Amino acid sequence: MVELDCFIEHVRQVADLEAPSATPLYLRLQRGIEKAIEAGLVAVNDALPAERELALALGISRVTVRNAVRVLVDKSILVQRHGAGTFVASRLALRPRQIAGFTEDMQIKGHPTAALWLERSSGPPTPEECEALQIMPDSPVSRLFRLRMVDEKPVCLEHTVLPHSVLPDPTAIETSLYSWLEDHHQRPTRCVQTLSARLLDMSHAHLLGVPTGSACLYVERRSFIRQGNAHSEAGVRSGAGTGSHSAHDGADKPTRRISLIRQEEHPIEFVRAYFRGDLYEFVSESKI
């Protein structure tokens, strides 16, 4: 439930509706409402106060409120339900931080997850997979294709490919791939992600339960692991460079070889994921 007095006061302070400004009034109101939602003054699936009630409490016109709400609906922050009112939409924020799998990410946020397996198989790699994983065409790969569910809603179609040497049996993955990788000392340490906006084709849209051509967030990720490779280097010959001389100077002497561990990165995972645009957002945070 919305604590109306706290909500109105927060909106009023953030929007600063009475101050002279070149920013249109409805955009300042939109920002005030958005910040109130971010502050937790209105919870997911809570109804916003009615348009008339907001206008009266803030001393502004209903047209201003309507325009501000329209912007927030367009941003998928609010959703309007015919005959019921305006509600805070349920959106799942994807924040960059330590590499985590989907299941772990949602558990941190407190969302129950499930997955519908569409494929778990092994086979030869495609040219794109060879390039992404830096493997030869005759090196087999393991594939995981699943429909991700959050709060009992389909939100993501995820294609994951790993070298067969990393995951010999794809059916071994029942829930969290990253938990399995960690148990086998192969959890990725770094990833490179590319995000873009796309329109869902018929097959993907059908599985996600949205109309064909709906907007989605497409994420392509390559994950890497650091592994140490031992190699030897020749050491300093014993007695060399000490300034001493003997009858044996110049003769071959045994040298000590020093074993070193060189850390090298190898691609371990190639992911292509399609997130529903109405339920998912990407949040980026940078230090400046």
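For clarity, every value in this text was computed on a predicted model and none was experimentally measured.
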Cluster membership besides L133, Ile/Leu/Val/Met/Phe/Trp/Tyr side chains within less than 4.5 angstrom, sorted by chain and number, is I135, V141, V161, F270
Legend entry - Side-chain donor/acceptor of R52 to backbone N/O of R62, under 3.5 Å: no
| request: Could you walk me through whether T175 and W180 pass side-chain contact (heavy atoms from CB on, under 4.5 Å), step by step? | output: CA-CA 9 Å; T175 52; W180 187 93; over 6 Å; no
For V71, the other hydrophobic cluster members (4.5 Å side-chain criterion, sorted by chain and number) are Y26, L27
Practice item. Test side-chain contact (heavy atoms from CB on, under 4.5 Å) on I37 and V44 and set out the steps. Key: CA-CA 8 Å; I37 293 171; V44 168; over 6 Å; no
CG (L29) and CG (D16) are apart, to the nearest 0.5 Å, by 12.5 Å
D201 (side chain) donor-acceptor with S203 (main chain) under 3.5 angstrom: yes
_If hydrophobic clusters are built from ILVMFWY residues whose side chains come within less than 4.5 Å, do W117 and L162 share one?_
yes
Distance col, row I173:CD1 vs L144:CG, nearest 0.5 angstrom, shows 6.5 Å
- Query: Is there side-chain contact between R146 and L177, with heavy atoms separated by less than 4.5 Å?
  - Reply: yes
Q) Is L54 reachable from V79 through a run of hydrophobic residues whose side-chain heavy atoms are each under 4.5 Å from the next? A) no
Those residues at least two apart in sequence (or on a different chain) that pass salt bridge (Lys or Arg N to Asp or Glu O under 4.0 Å) with R198 are none
Notebook entry, point to check: Around atom CD of E9, are there more than 12 heavy atoms of other residues, nucleotides or ligands at under 6.0 Å?
Noted result: yes
Distance col, row D183:CG vs S176:OG, nearest 0.5 angstrom, shows 9.0 Å
By salt bridge (Lys or Arg N to Asp or Glu O under 4.0 Å), E129 pairs with (sequence neighbours left out) R143, R272
Task: Flag side-chain contact, heavy atom, 4.5 Å: F145 against S121 - done: no
Could you go through the side-chain contact (heavy atoms from CB on, under 4.5 Å) check for E269 and L181 one step at a time? CA-CA 11 Å; E269 178 194 40; L181 290 173; 5.6 Å; no
All heavy atoms of H164 vs all of S122, minimum pair found to be CD2-OG, 3.6 Å
Worksheet item: Checking R28 side chain against A19 main chain: does a donor-acceptor pair fall under 3.5 Å?
Response: yes
*When you measure from the side chain of R222 to the backbone N and O of A132, does any donor-acceptor pair fall under 3.5 Å?*
yes
**Asked** Hey, is the main chain of G209 close enough, under 3.5 Å, to the side chain of R276 for a donor-acceptor pair?
**Response** no
Using a 4.5 Å side-chain heavy-atom cut-off and chaining through intermediate ILVMFWY residues, the residues clustered with L199 come out as none
- Treat each ILVMFWY residue as a node, draw an edge where side-chain heavy atoms are under 4.5 Å apart, and state whether V73 and L48 are in one component. yes
query = Is any side-chain heavy atom of F275 less than 4.5 Å from a side-chain heavy atom of C216?
reply = no
Q) Tell me, do V166 and I225 make a side-chain contact under 4.5 Å, heavy atoms counted? A) no
A side-chain contact here means heavy atoms from C-beta on lying under 4.5 Å apart; do S214 and P211 qualify? yes
Between P125 and P137 the two heavy atoms that sit nearest each other are CD-O, 3.4 Å
dist Q186:CD -> S223:OG (nearest 0.5 Å) comes out at 13.0 Å
inquiry  = Whether K35 and E38 form a salt bridge (side-chain N of Lys/Arg under 4.0 Å from carboxylate O of Asp/Glu) is what I want to check.
reply    = yes
Closest heavy-atom pair, C156 versus L208, reported as atoms and distance to 0.1 Å, is N-CD2, 3.5 Å
Same apolar cluster: F87 and L72, side chain cutoff 4.5 Å:
no
Tightest non-hydrogen contact, residues L207 and P154, listed as O-CB, 4.1 Å
One should read off an interatomic distance between T86 OG1 and I77 CD1, to the nearest 0.5 angstrom, of 13.5 Å
In short, V88 meets L78 closest at the heavy-atom pair CA-CD2, 4.0 Å
Residues at least two apart in sequence or cross-chain that pass salt bridge (Lys or Arg N to Asp or Glu O under 4.0 Å) with E18, listed by chain then number, are none
Item to complete: Look at atom CD of E128 and say whether more than 12 heavy atoms of other residues, nucleotides or ligands are closer to it than 6.0 Å.
Response: yes
query = Which word best sums up how the rings of Y274 and Y218 line up, parallel for under 30°, tilted for 30 to 60°, or perpendicular for over 60°?
reply = tilted
>> Grouping I, L, V, M, F, W and Y whenever their side-chain heavy atoms are under 4.5 Å apart, do L167 and V271 come out in a common cluster?
In response: no
Evaluate whether atom CG of D5 has more than 12 neighbouring non-hydrogen atoms of other residues, nucleotides or ligands under 6.0 angstrom away.
no
Apply side-chain contact (heavy atoms from CB on, under 4.5 Å) to the pair V69 and Q80, showing each step before the final yes or no.
CA-CA 9 Å; V69 168; Q80 291 180 316; 3.6 Å; yes
In this structure, CZ of R190 is separated from CZ of R226 (nearest 0.5 Å) by 8.0 Å
